[in-house]
Visitor: 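Sharing a structure with you now.
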Amino acid sequence: MALSLHPMNKKVRVRFAPSPTGGLHLGGVRTVLYNYLFAKQNNGDFILRIEDTDQSRYVAGAEEYIMDCLQWAGLVPDESPVKGGNYGPYRQSERKKLYRQYAEQLVADGHAYYAFDTPEDLEQMRTTFRTDTNPSPQYDRAVREKMRNSITLTATEVKKLLDNGAKHVIRIKMPTHETVTFHDMIRGEVSFDTSLLDDKVLLKADGMPTYHLAVVVDDYLMEISHAFRGEEWLPSAPVHILLWKYLFGLEKMPLWAHLPLILGPNGKLSKRDGAKYGFPVFAMNWTDPNTNELVEGFREKGFLPEAFINLLALLGWNDGSEQELFSREELQEKFSIERVHSGGARFDYEKAKWFNHEWIKRKSGNELLAPVKEILQGNAIIPTDDLFLEKTIELVKDRCSLLTDFVQQTSFFFIAPVELDTASVKPKWNDGKADFFNEFKTVLGNASSWDAVTLENSFKELATQKNIKPGELQLPLRVMLVGGKFGPPVFNIVELLGKEETGKRIDYALTKFSI
RNA sequence: GGCCCGUUCGUCUAAGGGCUAGGACACCACCCUUUCACGGUGGUGAUACGGGUUCGAAUCCCGUACGGGCUACCA
């Protein structure tokens with residue numbers, strides 16, 4: 001493909017930077033996926049960096065969880081907090097001391113300033129300046145003249161405060177009237193007027209950087225060439241552009257791509273939507289250790305990683321053809337960031353299940369063996385014979401949209417049904433039919449070969465002899481073996497169940513039907 | 001409120017100035033199947049609105065409406 005190479009003219013390096021606040025939602029995984037595909041296409045590096053600059057929001061175990069999710073989805077980074085490269089450390093909390101010097105440099109160059117306002121000062125500022133036409137006043141060029149900072153205070157006052165260790169933050173000083181324009185790989189030219197933007201905090205009072213400073217410094221030091229992130233970051237892009245300009249030069253800035261949002265039924269997809277509408281929103285189950293709240297994951301819901309990747313890739317991208325099913329290799333070959341849409345995409349769970357169904361159908365019984373076995377075991381069904389399990393999977397996979405559907409579709413092969421759907425048999429049941437089944441057992445006992453076709457033939461033969469329509473006997477046989485009106489063709493079931501088990505189930509059912 | 005992004009069937013989308021606006025999910029009907037599905041065939045269904053530019057506009061421009069995002073010492 002025609003690749004617009006990074007101005008640094010180095011290898012392509014992309015990164016994903018989740019915050020360990022718990023859970024990894026659809027949008028997050030899609031960002032990783034696009035990063036991953038782009039890196040692989042260009043023989044580049046894919047980096048995982050952890051955004052943990054706000055320790056108060058850190059949730060124990062979230063980092064490991066993210067790694068587990070990426071592992072499952074097959075999107076393992078080349079450099080990550082657990083598998084380091086040459087640009088570590090990768091946790092921002094471990095990089096803390098790096099950021100201050102850049103913030104100080106900005107102050108020295110006149111692009112940023114110290115601000116000594118307390119949270120109460122800020123709160124008061126917001127209430128005094130709040131009006132009907134301005135519901136959320138910003139700390140901007142008009143307001144900064146009225147606050148306690150290195151612009152309003154004298155140099156000696158500022159020095160004294162700093163020497164005394166006064167709590168302070170460093171804010172960017174937004175230029176008065178400048179147009180910031182940059183190129184986005186998905187949306188083209190985007191521009192902002194700086195006079196409408198506020199003086200964002202770059203370095204917090206605890207010495208930690210905000211995302212704005214960290215993302216620029218890290219991307220520079222880690223030589224990131226392309227930066228993909230969600231559209232919700234677009235409004236703060238001008239801050240990052242300005243920082244690049246002041247600190248490292250625009251020519252070294254990565255190429256940006258702001259990905260469209262994944263929408264739920266009401267706006268940006270949230271984890272609440274999952275519980276509300278009954279579909280998973282995280283890659284894997286996530287239980288918040290503080291609240292014990294469980295958010296369902298695609299993996300546990302019964303999705304194959306191939307399907308998950310596939311449906312995610314198509315949520316906001318397509319290759320221009322009518323193809324919808326893509327393997328990882330095909331995605332790697334055909335994906336292009338330029339073809340990603342700029343509009344948000346609403347997530348449709350029905351379509352997601354369709355993708356999974358298609359992938360289940362594509363897979364062989366052998367490929368499905370391990371995941372299905374795991375699910376069955378989770379439901380107290382312990383298959384002992386892999387070959388047998390594989391045959392049952394092969395027989396029923398067309399009727400399963402989710403891996404969890406295999407529980408209902410195969411359990412009767414392993415556990416004889418106790419409760420039978422007698423209601424659908426009894427109304428048409430009679431002694432003639434009971435007689436037929438008793439005799440059919442004998443036929444089975446003498447069967448010369450045990451396969452579905454032969455079994456069906458002898459079944460029909462006997463029915464004709466007895467003057468009963470074979471069709472009227474098939475449903476009862478099914479209920480005898482399966483317990484209800486579902487499952488694959490009944491003689492295939494007989495074949496797999498075997499002579500002895502089939503006989504047993506007929507006997508059991510006859511006692512139920514005649515009551 | 002301000003700023004930014006967006007707008008093709010209910011949903012995901014194709015069509016980059018020129019066929020009757022194509023496909024998929026969902027829905028409906030029929031076929032297949034004496035179970036439930038799969039599968040097959042067909043059907044309902046869209047260019048937000050108003051102006052321009054052009055021989056010609058879903059496509060380019062402007063405006064309006066609507067939707068979404070951001071507006072924290074969160075990311």
Side-chain angles (χ1 to χ4, degrees), chain A residues 17-21 51-54 56-57 92 115 117-119 122 126 130-140 167-171 184 186-187 190-193 195-198 200-212 214-215 229-238 258 260-261 263 265-268 311 314-325 341-355 357-358 361 396-401 405 408-409 421 424 469-479 482 484-490 493:
Chain A
S19 55
T21 52
E51 303 271 3
D52 61 345
T53 54
D54 184 2
S56 67
R57 282 161 51 96
Q92 286 177 337
D117 317 284
T118 64
L122 293 176
R126 290 193 185 101
R130 184 177 294 134
T131 62
D132 284 349
T133 55
N134 186 10
S136 45
Q138 307 190 104
Y139 199 119
D140 58 16
K167 283 260 180 197
H168 67 278
V169 302
I170 293 180
R171 286 179 181 272
D184 183 282
I186 295 170
R187 311 155 198 267
V190 183
S191 54
F192 298 83
D193 181 350
S195 58
L196 274 355
L197 302 174
D198 62 336
K200 287 271 181 264
V201 170
L202 302 179
L203 199 73
K204 301 188 262 188
D206 63 1
M208 282 293 230
T210 58
Y211 173 81
H212 305 300
V215 73
R229 66 200 337 182
E231 189 188 344
E232 70 269 28
W233 286 108
L234 208 42
S236 48
H258 289 90
L261 259 18
L263 275 12
N266 293 302
K268 194 168 133 181
L311 73 92
L314 272 283
L315 219 45
W317 170 85
N318 74 88
D319 75 338
S321 75
E322 282 174 1
Q323 182 177 353
E324 293 198 273
L325 263 19
H341 306 149
S342 41
R346 203 173 301 281
F347 172 68
D348 180 2
Y349 188 46
E350 292 306 318
K351 182 103 184 202
K353 283 193 287 192
W354 174 80
F355 274 109
H357 191 187
E358 291 300 316
K361 285 194 286 180
V396 304
K397 64 178 183 157
D398 282 1
R399 1 171 87 72
C400 297
S401 294
D405 292 339
Q408 199 225 15
Q409 290 294 336
D421 178 11
S424 54
K469 284 185 195 151
E472 292 198 15
L473 295 161
Q474 280 197 30
L475 183 63
L477 179 59
R478 169 175 300 281
V479 174
V482 176
K485 296 201 289 183
F486 64 92
V490 71
I493 298 173

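Protein chains get the first letters and strands the later ones, always in sequence-line order, with residue 1 at the start of each.
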Visitor: Using atom CG of Leu315(A) as one end and atom C1' of rC12(B) as the other, report the distance to the nearest whole Å.
Guide: 7 Å

Visitor: Describe the nucleic acid contact of Gly316(A) in one word from base, sugar-phosphate, nothing, applying a heavy-atom distance below 4.0 Å.
Guide: sugar-phosphate

Visitor: Gly487(A) near the nucleic acid: base, sugar-phosphate alone, or nothing, with a heavy-atom cut-off under 4.0 Å?
Guide: base

Visitor: Return no unless some side-chain N or O of Asn318(A) is found under 4.0 Å from OP1 or OP2 of rU13(B).
Guide: no

Visitor: Rounded off to whole Å, could you give me the CD1-to-C1' distance for the Ile493(A) and rC36(B) pair?
Guide: 10 Å

Visitor: Considering every strand and a 4.0 Å limit on heavy-atom distances, what is the contact class for His341(A): base, sugar-phosphate, or nothing?
Guide: sugar-phosphate

Visitor: Counting Watson-Crick and G-U wobble pairs only, both distances under 3.5 Å, name the nucleotide matched with rU64(B), or none.
Guide: rA48(B)

Visitor: I'd like the C1' distance from rC19(B) over to rA57(B), given in whole Å.
Guide: 16 Å

Visitor: The side chain of Asp398(A) is closest to which nucleotide in this list: rA14(B), rU35(B), rC38(B)?
Guide: rC38(B)

Visitor: Examine rA37(B): is either OP1 or OP2 under 4.0 Å from a nitrogen or oxygen in the side chain of Lys485(A)? Give yes or no.
Guide: no

Visitor: Taking only residues two or more places apart in sequence or in another chain, which ones pass side-chain hydrogen bond (donor to acceptor under 3.5 Å, both in side chains) with Asp198(A)?
Guide: Lys200(A)

Visitor: What integer distance in Å separates Gln409(A):CD from rC38(B):P?
Guide: 11 Å

Visitor: Using a 4.0 Å heavy-atom cut-off, does Ala345(A) contact any base of the nucleic acid, only the sugar-phosphate backbone, or nothing at all?
Guide: sugar-phosphate

Visitor: So Lys361(A), base contact, sugar-phosphate only, or nothing? Heavy-atom distance under 4.0 Å.
Guide: sugar-phosphate

Visitor: Where is the tightest heavy-atom contact between Phe486(A) and Arg478(A), given as atom of each residue plus distance?
Guide: O-NH1, 2.7 Å

Visitor: Which part of the nucleic acid, if any, lies within contact of Leu122(A), taking any heavy atom under 4.0 Å across all strands shown: a base, the sugar-phosphate backbone alone, or nothing?
Guide: base

Visitor: Under a 3.5 Å cut-off for both contacts, is rC27(B) paired Watson-Crick or G-U wobble with anything, and if yes, with which nucleotide?
Guide: rG43(B)

Visitor: Who pairs with Trp354(A) by ring pair (Phe, Tyr, Trp, His ring centres under 6.0 Å), at least two apart in sequence or on another chain?
Guide: none

Visitor: Base, sugar-phosphate or nothing for Val190(A)? Non-hydrogen atoms, less than 4.0 Å.
Guide: sugar-phosphate

Visitor: Of Val490(A) and Asn134(A), whose closest RNA chain B nucleotide lies nearer the 5' terminus?
Guide: Asn134(A)

Visitor: Could you write nucleotides 24-29 of chain B as a row of B, S and -, 5' to 3', where a protein heavy atom under 4.0 Å of any base atom gives B, of only sugar-phosphate atoms gives S, and otherwise -?
Guide: BB----

Visitor: By side-chain hydrogen bond (donor to acceptor under 3.5 Å, both in side chains), which residues pair with Tyr139(A), not counting sequence neighbours?
Guide: Asp117(A), Asn149(A)

Visitor: Hey, which of these two, Pro488(A) or Asp132(A), hits RNA chain B nearer its 5' end, going by closest nucleotide?
Guide: Asp132(A)

Visitor: Rounded to whole Å, how long is the line connecting atom CZ of Arg478(A) with atom P of rU35(B)?
Guide: 8 Å

Visitor: Nearest to the side chain of Pro489(A), which nucleotide is it out of rC5(B), rU35(B), rC3(B)?
Guide: rU35(B)

Visitor: At under 4.0 Å between heavy atoms, how does the protein contact nucleotides 57-72 of chain B? Give one character per nucleotide, 5' to 3', with B, S or -.
Guide: -----------SBSB-

Visitor: Can any side-chain N or O of Thr53(A) pair as donor or acceptor with the backbone N or O of Gln92(A) at less than 3.5 Å?
Guide: no

Visitor: Please report, rounded to the nearest Å, how far the C1' atom of rU7(B) is from the CZ atom of Arg187(A).
Guide: 13 Å

Visitor: Rounded to whole angstrom units, what separation is found between the CG atom of Leu202(A) and the P atom of rA75(B)?
Guide: 12 Å

Visitor: Going by ring pair (Phe, Tyr, Trp, His ring centres under 6.0 Å), name the residues that satisfy it together with Phe192(A), two or more places apart in sequence or in a different chain.
Guide: none

Visitor: Paired with rA15(B) by Watson-Crick or G-U wobble geometry, both distances under 3.5 Å: which nucleotide is it?
Guide: none

Visitor: For the side chain of Thr133(A), starting at C-beta, report the closest nucleotide among rG1(B), rA75(B), rC73(B).
Guide: rG1(B)

Visitor: Determine the Euclidean distance between corresponding C1' atoms of rA24(B) and rC9(B); express it in Å to zero decimal places.
Guide: 12 Å

Visitor: In whole angstrom, give the distance that lies between atom CG of Leu325(A) and atom P of rU13(B).
Guide: 17 Å

Visitor: Look at all strands and tell whether Asp193(A) reaches a base, only sugar-phosphate, or nothing, counting heavy atoms closer than 4.0 Å.
Guide: nothing

Visitor: Please determine, for rC9(B), whether a Watson-Crick or G-U wobble partner exists with both distances under 3.5 Å, and give it or none.
Guide: none

Visitor: Find the distance Tyr211(A):OH to rA75(B):P and express it as a whole number of Å.
Guide: 10 Å

Visitor: Would you indicate what Phe192(A) reaches in the nucleic acid, counting non-hydrogen atoms under 4.0 angstrom: base, sugar-phosphate, or nothing?
Guide: sugar-phosphate

Visitor: Around atom NZ of Lys361(A), are there more than 12 heavy atoms from other residues, nucleotides or ligands closer than 6.0 Å?
Guide: yes

Visitor: Between rA21(B) and rC49(B), how far apart are the P atoms? Round to whole Å, please.
Guide: 16 Å

Visitor: For a quick check of understanding: with a heavy-atom distance under 4.0 Å over all strands, which category does Pro470(A) fall into, base, sugar-phosphate or nothing?
Guide: nothing

Visitor: Nearest 0.5 Å, what's the CD-SG distance between Gln409(A) and Cys400(A)?
Guide: 5.0 Å

Visitor: May I ask which nucleotide in the shown strands pairs with rA72(B), Watson-Crick or G-U wobble, both distances under 3.5 Å?
Guide: none

